[in-house]
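Worksheet: the structure to be examined is printed underneath.
Order of the sequence lines fixes the chain letters, A, B, ..., with proteins taken first and strands second; residue numbering starts at 1 for each chain.
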Protein chains: 2
Amino acid sequence: ARPRVGYYHSGKNPSRILMDKLHSIKVGDVKSVPIVVTEKCSVYDAAVTMFIEDVGTLIVVREGGFLEGVLSRKDLLKITLGGHDIYKLPVGVIMTRMPNVVTVETEESVWSAAKKLITHEVDALPVVRVSDDNSGVEVVGRLSKTNITRLFVELGES
Amino acid sequence: ARPRVGYYHSGKNPSRILMDKLHSIKVGDVKSVPIVVTEKCSVYDAAVTMFIEDVGTLIVVREGGFLEGVLSRKDLLKITLGGHDIYKLPVGVIMTRMPNVVTVETEESVWSAAKKLITHEVDALPVVRVSDDNSGVEVVGRLSKTNITRLFVELGES
């Protein structure tokens, strides 16, 4: 007999249902627009961009939108405390540079992205697509702890 | 007849199960230790504390551990860019001060805390207990987007 509920009874237990749900959501479903600067941008201008756009992480790209590095609010605060000339110092000198940047792709699960955020102790990841001719890693988005927190709120509402 | 699965079939649908689970976890289950300074602490010393403790939000308390305000990495970056004397300027001048600080209590759900983080656009909340004689709001922890992200990872693992 069919169960008298509105869905087919799969025999999964609740934590399995939860796990499957969290793994089924993709980075592409929740990612934000990337806020980018070039590596010649000064530390001061980068900080201003961070305030105007209200983000905690800037993505550094070269022509064509290819990933060069990332820059966090923490990186900027450290430099502003150090007595450097922040109007002249380019962000290329202080950013985390490729290939040391942790990235995610659109088709990866948000769960996997969250695990990278925790494991690598960063606040945001560039969302990338490896270009067809292997000429570089193209930036297509940004995924942060804010995206995870917002998703957590939405999952509890539905 | 009993269903041939290892749990009692409640008739709840999967998104209801997910929702109930997210609402059942309490702030007290996932909160971190609060990192505190007093309001006489200089902006420079506060920034150093932030780096040493590796947190993005400091909680400002008065004697007895009562909540006075909060201070974010963003607040500190804004001030270091502004040409102030950060060795002399006390954090009391730039912090967000009570009663304008959004807080959570230990018995609140993590979901409710996550909603506050998103609604009020902050990275962390002081976890507080209102003292019995109403003399103030005692700080007992800190809950940040990192706690939410870590919980999200754990829920997908179990």
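- At a threshold of 4.5 Å between side-chain heavy atoms, the hydrophobic network of Ile, Leu, Val, Met, Phe, Trp and Tyr places B/V36 and B/V127 in two separate groups.
- Between A/G156 and B/L22, the shortest heavy-atom contact is N-CD1, 3.6 Å.
- The CG atom of A/L76 sits 11.0 Å away from the CZ atom of B/R73 when rounded to the nearest 0.5 Å.
- Summarising the geometry of B/L81 relative to A/Y44, their closest heavy-atom pair is CD2-CD1, 4.0 Å, with the distance given to 0.1 Å.
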- Just do the side chain to side chain contact (heavy atoms under 4.5 Å, CB included) check on B/F152 and A/L155 with the steps written out, would you? CA-CA 11 Å; B/F152 187 91; A/L155 290 173; 4.3 Å; yes
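- In this structure, B/V27 is a member of the same hydrophobic cluster as B/V122, with clusters built from ILVMFWY side-chain heavy atoms closer than 4.5 Å.
- When each of A/L117, A/T80, A/V48 is checked for heavy-atom pairs under 4.5 Å with chain B, A/T80 comes out on top.
- Side-chain heavy atoms closer than 4.5 Å link hydrophobic residues (I, L, V, M, F, W, Y) into clusters, and following such links, even through other members, never connects B/V102 to B/I59.
- Contact annotation for B/F51: only side-chain heavy atoms (C-beta onward) come within less than 4.5 Å of a heavy atom of chain A.
- Atoms CG and OG1, on A/L151 and B/T149 in that order, are 10.0 Å from each other to the nearest 0.5 Å.
- Using a 4.5 Å cut-off between heavy atoms, A/L77 contacts chain B through both its backbone and its side chain.
- Hydrophobic cluster membership differs between B/V137 and B/V37, with clusters built from Ile, Leu, Val, Met, Phe, Trp and Tyr side chains linked at under 4.5 angstrom.
- At a 4.5 Å heavy-atom cutoff, A/V43 makes no contact with chain B through either its backbone or its side chain.
- The contact between B/I86 and chain A is made entirely by side chain atoms (from C-beta outward), counting heavy-atom distances below 4.5 Å.
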- Task: Please report the C-alpha distance between B/T146 and A/I118 in whole Å, then the side-chain angles of each, then the deciding distance to 0.1 Å, and finally whether the side chain to side chain contact (heavy atoms under 4.5 Å, CB included) criterion is met.
- Result: CA-CA 8 Å; B/T146 303; A/I118 295 299; 4.1 Å; yes
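- A salt bridge does not link A/K145 with B/D123: every distance from a Lys NZ or Arg NE/NH1/NH2 to an Asp or Glu carboxylate oxygen is 4.0 Å or more.
- For a residue to count as touching a neighbouring chain, one of its non-hydrogen atoms must lie under 4.5 Å from one of that chain's; by this rule B/K115 touches chain A with backbone and side chain alike.
- Per-residue counts of heavy-atom pairs under 4.5 Å with chain B were compared for A/K78, A/K21, A/E121; the largest is that of A/K78.
- In the hydrophobic clustering of this structure, A/V33 does not group with A/L67; members are Ile, Leu, Val, Met, Phe, Trp, Tyr whose side-chain heavy atoms approach within less than 4.5 Å, directly or through other members.
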